[in-house]
Number of protein chains: 2
Amino acid sequence: MSKQPLPKLEDVARLAGVSTATVSRCLNQPNQVVEATRKRVQKAVDELGYMPNFNARSLAAKRSKIIGAVIPTMENAIFARAIQVFQERLSEEDFDLLVASSSYKKDVEEKQIRSLVSRGVDGLLLIGTQRDRKIYEFLQEREIPFVIAWSFYDKRDEATSGQLVGFNNQKAMASIVQLVIEKGHRKIAMLAGIKDNNDRASSRIEGFKAKMAEHGLMDPCVIECEYDIDKARKAFAGMRQTFGTPTALICANDVLAVGAVLEAQSQGLNVPDDISITGFDDIEIASIISPALTTVHVPHKMLGLHSANTLLANINDARIADDMELKTNIVERYSLAEPKN
Amino acid sequence: MSKQPLPKLEDVARLAGVSTATVSRCLNQPNQVVEATRKRVQKAVDELGYMPNFNARSLAAKRSKIIGAVIPTMENAIFARAIQVFQERLSEEDFDLLVASSSYKKDVEEKQIRSLVSRGVDGLLLIGTQRDRKIYEFLQEREIPFVIAWSFYDKRDEATSGQLVGFNNQKAMASIVQLVIEKGHRKIAMLAGIKDNNDRASSRIEGFKAKMAEHGLMDPCVIECEYDIDKARKAFAGMRQTFGTPTALICANDVLAVGAVLEAQSQGLNVPDDISITGFDDIEIASIISPALTTVHVPHKMLGLHSANTLLANINDARIADDMELKTNIVERYSLAEPKN
DNA sequence: AATGCAAATGTAAGCGCTTACATTGGCGCG
DNA sequence: CGCGCCAATGTAAGCGCTTACATTTGCATT
């Protein structure tokens with residue numbers, strides 16, 4: 001059974017007795033075509049089982065109805081969830097989603113961005129602001145709308161064109177540190193994310209340090225660790241050995257916090273009686289682990305939704321939408337308490 | 001700053017003093033071009049910052065180097081993880097991934113498949129076998145290679161062309177039910193997934209029922225429930241009210257099991273002393289919740305990887321790769337014990 | 001030096017659409 | 001009844017590549 005040639009626009013035109021231009025209009029700007037012909041064309045389309053060839057369309061029309069997204073990894077629930085909503089929203093507007101993941105690697109991300117642009121994406125979703133200036137220039141030169149999700153800064157670095165849809169990582173982290181300090185903790189350490197090429201991780205560390213300094217707690221212990229439960233366990237174990245055990249451990253995200261909790265418990269520590277541990281993100285595991293984590297709630301789905309809306313606005317109106325700051329809030333559960341000693 | 005026209009293949013050809021065909025060959029079959037010219041062309045490419053237009057390429061060459069995937073949802077960690085690996089593998093072969101999610105809806109899935117085909121994808125990843133026969137016909141007619149992940153059956157339904165890369169859901173479920181029965185349980189109920197348009201969910205239910213019947217335990221209680229912790233809690237609560245409390249609850253996946261555990265605990269039941277609860281999938285939360293779940297381990301990443309390999313094989317060799325059955329295994333943790341009474 | 005052949009390169013016809021511009025036709029109005 | 005105008009449709013020129021086929025080149029043979 002060999003592939004019979006698929007019907008093309010021309011075949012539809014012939015069958016309907018109109019020109020290709022009219023068929024094209026029926027498909028793309030139906031209101032420019034009078035009802036009678038539109039119906040005739042529709043009939044021909046149905047009869048032939050015609051489906052447009054999007055590559056040809058993209059080539060001729062110079063728009064692809066494809067949005068590209070480069071995220072660090074889909075294994076991280078926070079991105080998966082946001083991407084899911086992002087995609088659903090785009091789908092409503094007949095855009096499809098080309099995804100790539102960079103595994104947090106700068107050069108991989110750059111390659112992927114270029115590849116997506118080569119594919120003629122109409123817009124791009126990126127995570128965080130930290131990347132080579134030349135990439136921003138590249139995108140601007142080609143006039144590709146893009147939004148940067150997850151980060152938000154009050155003052156913009158000029159280099160980052162594109163729209164920001166995110167939250168202030170530094171402030172959010174500072175707020176939970178503030179809470180921990182208010183509970184009476186002084187010996188506080190941080191289990192942080194890897195800050196290389198990751199402005200969210202850096203900002204959270206800054207937020208921690210700044211708030212500590214504000215209370216006269218200088219040079220606190222900060223250990224960077226990859227996003228992984230087991231690595232977090234080891235990192236926490238190492239921290240205890242090297243720096244001793246803090247009364248409170250601030251984690252840059254819930255996965256690290258879960259690792260720390262698990263390790264603390266297996267080392268015979270009671271959370272929160274012996275050590276308080278806080279998370280960041282408020283993903284599912286935060287409320288499943290026992291004790292449930294006191295953590296910073298991040299509106300992941302909102303991030304996905306607003307990123308989509310902002311991007312669509314920029315594509316359709318060619319008018320630059322505003323940056324959007326989303327709010328986080330602390331959800332207090334049971335992993336944070338006043339220090340016992 | 002208006003968009004200056006991007007360099008095209010012709011510009012490169014002119015600058016390098018060769019024909020467009022040669023440039024094209026340099027890019028696609030470099031070994032057909034002699035070293036000297038190749039270098040000259042490369043220089044021109046670099047100088048102009050030339051990037052090929054993939055839409056034009058796809059149109060002319062009739063292959064897009066894009067793979068499509070339609071999954072139920074990315075919010076489900078099992079799919080997200082598999083897709084991540086799938087994408088990484090494709091990326092190695094310079095394929096990009098167009099993803100769509102169907103939210104478990106049959107008609108949405110169909111629409112997305114058609115859209116992806118319109119985009120000219122070179123291959124397709126689908127989840128599970130259960131869909132309209134006409135979709136299979138559609139795909140076959142157009143000779144689009146596709147693999148169906150997550151399901152595996154010893155005997156193939158003829159309608160499902162495409163390759164299967166999955167595991168036998170029925171057998172896997174039967175094996176854990178067997179274990180539960182061996183522990184001495186007789187009053188066993190199941191918290192199942194929604195089986196509409198979902199052969200994995202159906203198979204797991206069948207596996208449960210068959211194994212129960214094998215031990216003379218007829219008409220066991222089976223309640224279907226959406227993939228959601230809170231809904232699982234309510235479903236379990238409802239089950240207790242209507243059918244009483246089983247000594248063991250088999251859940252169709254870990255998310256449902258976690259919901260059941262949480263609800264059981266909040267109703268004052270001890271897991272596993274008062275009730276044993278088993279999961280399925282072995283995702284992260286299975287080992288984080290306390291008690292950690294005894295569950296069926298599914299090799300999600302393998303699923304993603306082998307799906308990619310199978311698909312690539314079918315695309316490149318135009319030779320149909322074999323179906324692939326992956327093995328699951330039971331991981332015993334602490335949520336299953338012998339019944340006390 | 002003439003010959004043959006394969007390897008390297010060039011020529012040009014599409015791939016299936018969109019859209020600027022040209023043409024047609026219907027209708028209100030003087 | 002003829003004119004002008006606008007809405008509906010048609011014509012045809014690309015969009016930026018790939019590739020079948022034609023041509024040229026280089027080189028080993030005789």
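What you see below is based on every heavy atom in this structure, not just the backbone, and it leaves out hydrogens, waters and symmetry mates. All chains are named by letter (A, B, ...) in the order of the sequence lines, taking the proteins before the strands, and each is independently numbered beginning at 1.
- The stretch residues 110-122 of chain A has no heavy atom under 4.0 Å from DNA chain C, so no residue of it qualifies as close.
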**Complete:** Reading nucleotides 17-26 of chain D from 5' to 3' and marking B where a protein heavy atom lies under 4.0 Å of the base, S where only the sugar-phosphate is that close, and - otherwise, the string is BSBB------

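- The closest donor-acceptor contact from the side chain of A:D122 to the backbone of A:S64 lies under 3.5 Å.
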Under 3.5 Å, N/O pairs linking protein and nucleotides 5-7 of chain C:
none

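- B:K105 and B:E109 are not joined by a salt bridge, as no carboxylate oxygen comes within less than 4.0 angstrom of a charged side-chain nitrogen.
- In this structure the side chain of A:L90 reaches within 4.5 angstrom of the side chain of A:L312, judged on heavy atoms.
- A:R57 forms a cation-pi arrangement with A:F54, by the criterion of a distance under 6.0 Å to the ring centre and an angle within 45° of the ring axis.
- The salt bridge (charged side-chain N to carboxylate O under 4.0 Å, His left out) pairs that include a residue from residues 81-91 of chain B are A:E75-B:R81, B:R89-B:E92, B:R89-B:E93, where partners are two or more places apart or lie in different chains.
- As a whole-Å value, the separation of B:L59 CG from C:dC15 C1' is 4 Å.
- Of the two residues contacting DNA chain D, namely A:Q32 and B:N55, the nearest-nucleotide position lying further toward the 5' end is that of A:Q32.
- For the ring-ring contact (aromatic ring centres under 6.0 Å, His included) condition, no pair includes a residue of residues 19-41 of chain B, sequence neighbours left out.
- Remark: B:R114 engages B:E110 in a salt bridge (Lys or Arg N to Asp or Glu O under 4.0 Å) (not counting sequence neighbours).
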**Request:** Take A:Y104 and A:D196 through the side-chain hydrogen bond (donor to acceptor under 3.5 Å, both in side chains) test and state the conclusion after the steps.
**Result:** CA-CA 9 Å; A:Y104 291 96; A:D196 266 14; over 6 Å; no

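- Residue B:K62 places no side-chain N or O under 4.0 Å from the OP1 or OP2 atom of C:dG14.
- Evaluation of the ring-ring contact (aromatic ring centres under 6.0 Å, His included) test over residues 68-99 of chain A, restricted to residues two or more places apart or in two chains, returns A:F79-A:W150.
- Looking at heavy atoms from C-beta onward, B:P30 lies out of side-chain contact with B:E35 at the 4.5 angstrom threshold.
- For A:S19, the side chain to side chain donor-acceptor pair (under 3.5 Å) partners at least two apart in sequence or on another chain are A:T22.
- The pair B:D96-B:K65 does not meet the salt-bridge criterion, since no charged nitrogen lies less than 4.0 angstrom from a carboxylate oxygen.
- For the pair A:S151 (side chain) and A:G166 (backbone), a donor-acceptor distance under 3.5 Å is absent.
- The shortest side-chain heavy-atom distance between B:L6 and A:R142 falls under the 4.5 Å cut-off.
- Distance alone, capped at 3.5 Å, places no donor-acceptor pair between the A:Q163 side chain and the A:F146 backbone.
- The shortest distance between the side-chain N/O atoms of B:T37 and the OP1/OP2 oxygens of C:dT9 is below 4.0 Å.
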May I have the list of side-chain donor-acceptor pairs in residues 44-53 of chain B shorter than 3.5 Å, sequence neighbours left out?
unit_1: B:D46; atom_1: OD1; unit_2: B:Q42; atom_2: NE2; d: 3.0
unit_1: B:N53; atom_1: OD1; unit_2: B:N55; atom_2: N; d: 2.8
unit_1: B:N53; atom_1: OD1; unit_2: B:A56; atom_2: N; d: 3.0

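- Here the closest heavy-atom approach between residue B:D199 and residue B:G128 is recorded as OD1-CA, 3.3 Å.
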Using atom names, set out every protein N or O paired with an N or O of nucleotides 5-7 of chain D below 3.5 Å, distance rounded to 0.1 Å.
none

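- A heavy-atom distance below 4.5 Å is not found between the side chains of B:S102 and B:I71.
- Rounded to 10°, the angle separating the first-five-pair axis and the last-five-pair axis of the helix from C:dA1-D:dT30 to C:dG30-D:dC1 equals 40°.
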I'd like a table of atom pairs between the protein and nucleotides 23-27 of chain C - only N or O on both sides, under 3.5 Å - with the distance next to each one.
none

